[in-house]
Structures are given as C-alpha cells and as structure tokens.
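Numbers here are sequence positions counted from 1. When a ligand or atom number is given, it counts from 1 through the structure's own listing order. In this text, all values refer to a predicted model and were calculated from it rather than measured experimentally.
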Amino acid sequence: MCGIFAYTGNKESLPILLDGLQSLEYRGYDSVGIYIPNAGIVKSVGAVQELKKKITSTMVGTSGIAHLRWATHGEPTEVNAHPHVDCSDTIYVVHNGIIENYKELKEKLISLGHTFRSATDTEVLAHLIEHQLKETEDFELAVVASLHEVKGTYGIAVSYKGDPEKIIAARLGAPVVLGIGINKYFIASDASPLLRHTKDVVYLRDGDIAVLTPQNYRIRTYTDVEVIRKKQVLDFDVEQVKKDGYEHFMLKEIMEGPQVIENTIRGRLVPEKGLVKLGGLDAVNEQLRTIERIIIVGCGTAYYAGLVGEYMLEEYAGIPVEVEIGSEFRYRNAPVDKHTVLLAVSQSGETADTLEAIREAKRKGALTLGIVNAVGSTIARETDAGIYNHAGPEIGVASTKAFISQLTALALLTVHLGRQRGMSIDVGRNITKELKLLPEKIQSVLDQRELIYSLAQKYAGSRDFLYMGRKYNYPIAFEGALKLKEISYIHAEGCGAGEMKHGPIAMIDTEFPTLAIAPHDSVYEKMLSNIEEIKARKGKVLAIATEGDIRLTDIISDIIYIPQTLEMLTPILSAVPLQLFAYYTGVAKGFNVDRPRNLAKSVTVE
Ligand code: AGP
C-alpha cells in the first residue's frame with residue numbers, strides 16, 4: 001500500500017517531510033515524491049534515499065505533501081510517482097487507494113482539454129480539482145466537488161499553490177490519521193511518522209474531509225456538516241505502529257486477509273453476467289482463446305498456489321494444466337510452443353528460478369502470463385501480460401496474504417478462460433458471487449484465533465507433523481506443512497491423503513500428529529476414512545472442517561471450522577487457519593517469525 005504524509009505549521013517543512021517519508025518506507029517504496037508550495041516538486045524511483053540525492057537547499061517553505069508509492073496502476077517510474085499535478089501546476093495530490101472509475105474520468109477530462117502526464121489513476125484527482133476550481137473559485141469546495149465524482153478508495157492530501165499554507169485531506173476506504181500539534185498539523189497514512197511530533201491524533205473516518213492551516217484544523221463531511229472527532233493519544237512506539245499494533249508483520253498480514261481479497265477482486269467481478277474483468281489480459285485475450293495447455297510455474301508457496309490453480313482450470317476451463325517448480329522447469333527440455341501458456345506465480349516478481357523459467361518458455365515461443373504482487377517487478381515486466389494481486393507489501397518472509405490473493409487471482413483467471421470455453425453463465429455467476437462473500441468468510445476464520453492459539457500451544461512440542469488433504473486441498477496440505485516448517489522449524493510434510501497407505505502411515509504413532517484438511521467437499525468421505533486409519537494407529541489428529549460438521553466431532557476433538565463455500569474456493573479458507581497455526585507455533589517456540597533463520601523474502605539467486 002502507498003504512504004501519504006503532509007505538514008503545515010511554522011517550521012521548515014522539508015526536513016519534516018523527508019523524516020515522515022522515512023517512517024512510512026515499510027509501506028512500499030517503488031517511488032517517492034515531495035511538493036513544497038512555491039518551492040517545487042521532486043520525485044524519484046526507489047526509496048527516500050534516492051529522493052534526497054535530488055533535493056536542493058532552495059526547497060524552502062512551511063507546508064508540503066509527500067508520498068511513497070506501492071504501485072497499483074502504472075509502472076513505478078518517476079512520471080508515475082506522486083505528487084500528481086494538474087495542467088497549470090497549481091494543484092498537487094498524493095493518494096493511497098484505487099480510483100476505480102479513473103478511465104471514464106480521464107476520458108471526460110481529456111475531452112475538456114486536460115493533458116495527462118502519467119499512467120496513474122491518481123492524476124485524475126488533480127485535474128478534477130483544477131476543473132472544479134474554475135467553477136467554484138474555492139479550493140475546499142473544489143476538492144469536495146471532485147470527490148463526489150470519484151468511485152473507489154482514497155486517502156489523500158492536496159496542496160494548492162494559491163493557498164500555500166492550507167492542506168486538505170480526505171478519507172474513503174484507505175486510512176488517514178490527523179496529527180495535532182501546537183501551530184503544526186500533520187496528515188499521514190498511519191501514526192508512525194507522527195510519534196516524533198505529537199501523540200494527539202484523530203483517525204479520520206470514511207467520508208471525512210479535513211482542512212488544515214498552521215493555526216487550526218476542521219473536519220467536515222461532503223455535505224459541509226462540521227464533525228467533531230474524538231482525539232486519541234498514541235501509546236505505542238514507532239515499530240509497533242508500522243505493525244498497526246500487531247506483534248509481528250506476519251500476524252498483521254494474515255489479519256489483513258479480508259481486505260486483501262477485497263483488493264484482489266475490486267473492479268474485476270461482473271456477477272450478473274458471470275464474468276470477470278482482467279484488464280491486464282486485454283492485450284492477449286484473443287490469443288488466450290486458442291491456447292491448448294497451461295504450464296504454471298512457481299517456487300515454494302507460489303508453486304502450491306499453482307497446484308490449486310491446476311484443479312480450478314482443468315475442472316472449470318477444461319484446459320490441460322501442468323505445474324512446475326521453477327528450478328526444475330528451467331533445466332527440463334519441456335515441449336513448449338505458441339499454443340502453450342506459461343503462467344508464472346510470484347509475490348515478489350523477482351524469484352530467479354521462476355524468472356528463468358519464463359525466459360526459457362519465451363525462447364520456445366510460449367505466451368507468458370504473470371500473477372504478481374509487486375507492480376513493475378521483473379517478472380511483471382518480462383511476461384506478455386498478467387494479473388496484479390494488489391495485496392500490498394508483504395513484509396513477513398512467510399507468504400500468507402499473498403497466497404490467498406494468488407488463489408483468488410487463479411479463480412478469476414479460471415472464470416475468464418472458462419467463460420471463453422463454454423463455462424455457463426450460471427456457473428460463472430456462482431463463482432463470482434461466492435468470491436464476493438469470501439472476505440467475510442475469512443473474517444469468521446480469523447475470529448477463531450483463540451482456539452488456533454491454544455492448539456498451537458498444545459502441539460508446539462511436536463517433533464514431526466503430517467499434513468494431509470485431497471483434491472483442492474491436496475496442495476494446501478503441502479502449503480500448511482511449508483508454513484509450519486519455515487516458521488517453527490518442526491519437520492512437517494504434506495501428503496495426499498490417498499497416499500497414506502502407500503508408505504507415510506508407517507510413521508504414525510502417538511508422537512507423530514496429523515493435520516487433516518477435511519471440508520464438506522466431494523472427497524469428504526474419503527478423508528473421514530483416512531482419519532479413522534490414523535486414529536486406529538493411535539495417531540493424534542487435528543482437522544479443518546466445515547462449520548456444522550458433526551461426524552468429525554465423534555472421532556476427534558481438535559477441530560477448526562471454516563464456512564461452507566464452493567469446493568474450488570475452500571483452499572482460500574483452509575489456508576488461513578494453517579497460517580495462524582504456524583504463526584502461533586513459531587511464537588510459542590520463541591522464534592523470529594518475521595525473519596525465520598536461513599530464509600529471505602525474495603530469492604533472487606539460484
Ligand atoms: C513462502 O512462505 C516462502 N517465503 C517462499 O516459499 C516463497 O513463496 C517463494 O520463495 C516464492 O517467492 P515469490 O512468490 O516471491 O516468487
């Protein structure tokens with residue numbers, strides 16, 4: 001997610017703005033920018049350090065706005081960096097969020113004679129305000145009138161050359177915190193940059209518009225009703241703030257699950273027609289109609305996401321799929337041609353093995369697609385087209401929110417390709433409608449944190465663990481085992497439940513517990529039998545089951561329930577308790593769950 005920061009007061013603004021940006025850097029740093037009224041604007045690709053190299057001492061002023069970008073629309077270039085400005089270089093905007101109707105607004109503004117410089121959605125805001133300012137001749141009214149036209153989410157700060165001390169901020173769906181000092185006021189995406197200036201803050205609510213001057217601040221609604229928001233006093237340190245008060249980034253990112261799915265599906269569902277809109281595939285849509293097979297490539301968690309995608313795409317789009325580990329595919333001489341799609345799944349977009357697999361497939365003429373979280377990353381740039389996750393920066397080394405976003409993106413791709421290939425409108429409607437319900441269903445899983453915490457305490461002493469699942473949850477068995485071993489260092493292995501009798505069951509005894517993923521799906525009865533087989537050998541079993549399941553309670557006591565959903569979407573729900581279980585186990589064992597030993601967040605080497 002992006003970070004915004006703004007200041008107005010009686011001190012030099014440049015050092016305050018740069019310091020604020022430094023505190024927000026964990027939110028993402030594809031690019032960065034700063035504007036000080038009547039002193040100029042400076043932008044840079046990369047982190048704050050890069051910006052500082054371009055700053056001159058002439059940037060003098062007592063107010064300003066600043067921004068750190070985690071790109072969602074438009075590559076991370078200097079032109080796309082915020083602040084964005086209008087035609088007359090008088091209105092400057094920094095924005096966190098997504099303007100869903102930016103294309104139609106941009107067309108309208110271009111028809112009114114506006115010229116755009118960037119590929120971002122944010123720039124439409126600067127031109128809207130410029131247009132409204134001509135009508136209202138009032139900065140505040142122009143901002144309010146502009147926001148009425150916007151659909152989507154925003155946390156913004158706006159500066160106007162004609163009223164240099166004033167900062168106007170607004171919030172809808174993206175956090176904005178107002179910092180209150182003595183003759184100094186701040187706007188920020190979270191409290192981290194405020195702590196060194198003030199502990200008195202107001203968290204704006206959706207629909208709030210704040211007007212700041214060095215003398216005071218006012219909060220109003222769209223309809224100019226003044227609102228009094230309760231002041232709060234910050235009582236935690238900077239590091240905690242970056243984690244929004246959670247103890248670790250990993251937990252914060254697991255808890256972001258509902259919002260992450262919202263962001264992944266936002267603007268992409270057309271439930272009434274049983275369709276999806278994937279703008280990133282527009283350029284290759286006709287080519288996609290003729291493909292004959294898909295090779296999904298990824299590493300680690302991304303590879304397991306690909307395995308789930310195989311079940312989805314084969315069952316609902318009727319396309320033959322194989323899934324490959326990047327480090328193997330790149331050295332195999334796989335038969336690949338122009339009728340093959342190589343679909344790379346990667347959170348960072350920089351994993352060397354996955355990248356080389358793409359290059360190998362391209363050399364053989366394949367169409368290459370990416371499902372990537374980091375906008376503008378190498379894999380995003382080197383694939384022919386793709387789908388961005390919009391999951392926001394994932395700081396914890398263990399991939400959690402990105403994984404459920406990858407599964408969601410694969411479900412969107414399945415509907416897209418399936419509806420090109422005979423998937424009925426009803427099936428398309430069922431899947432798209434169920435995708436809309438996922439955020440609240442994930443929340444109901446997260447609400448069981450206490451139970452999962454207690455199960456982690458109970459099993460944290462285990463030396464070994466077996467995870468078993470079938471069909472759509474076969475990959476989740478492996479992903480759950482990977483989470484446990486990379487966070488708690490317990491030896492855990494995934495297993496197809498049907499494979500138990502072919503060897504793994506020999507390991508089972510009272511000291512070798514099993515986690516069984518057994519939702520109400522087409523292989524539920526088979527899973528029950530596998531659980532019985534383990535119980536018969538005195539093996540302990542924890543299970544993931546569907547809410548309302550009564551048969552499992554007859555045979556085991558440690559059960560975590562997930563809501564009913566379509567079988568193809570159960571992995572998105574069943575993965576979440578396994579992430580929490582691994583997290584709480586790692587914490588119980590006293591390990592650094594955000595930075596597990598020997599691991600790196602992005603494996604950019606072979
Ligand atoms: C998952 O928890 C691990 N951090 C690791 O397996 C990761 O998924 C893998 O390295 C792939 O990374 P990517 O998604 O950035 O390509």
Look at [X] together with [Y] and state whether they make a salt bridge at an N to O cut-off of under 4.0 Å.
X	Y	value
K362	E382	no
K441	E434	yes
K483	E479	yes

[X] heavy atoms, cut-off 4.0 Å: which ligand 1 atoms fall inside?
X	value
A398	2 (O)
T301	1 (C), 2 (O), 6 (O), 8 (O)
G300	6 (O)
S348	13 (P), 15 (O), 16 (O)
A302	8 (O), 14 (O)

Polar contact flag for E486 and ligand 1 (N/O pairs, less than 3.5 Å):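 In this structure, E486 places an N or O atom under 3.5 Å from an N or O of ligand 1.
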
Any N or O of Q406 closer than 3.5 Å to N or O of ligand 1: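 N/O-N/O distance below 3.5 Å does not exist for this pair.
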
Under 3.5 Å, is there a donor-acceptor pair linking the side chains of [X] and [Y]?
X	Y	value
T340	D337	yes
N473	T570	yes
T400	E253	no

Proximity flag V397 to ligand 1, non-hydrogen atoms under 4.0 Å: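 In this structure, V397 qualifies as a contact of ligand 1 - some heavy atom is under 4.0 Å.
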
K483 touching ligand 1 at heavy-atom level, < 4.0 angstrom: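 It does; at least one heavy atom falls under 4.0 Å.
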
Member of E314, E310, E322 meeting the salt bridge (Lys or Arg N to Asp or Glu O under 4.0 Å) criterion with R293: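 Going through the options one by one, the only one that passes is E322.
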
Per atom 12 (O) of ligand 1, closest listed option by heavy atom (V297, N389, T351, N373):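 Selected option, by shortest heavy-atom distance: T351.
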
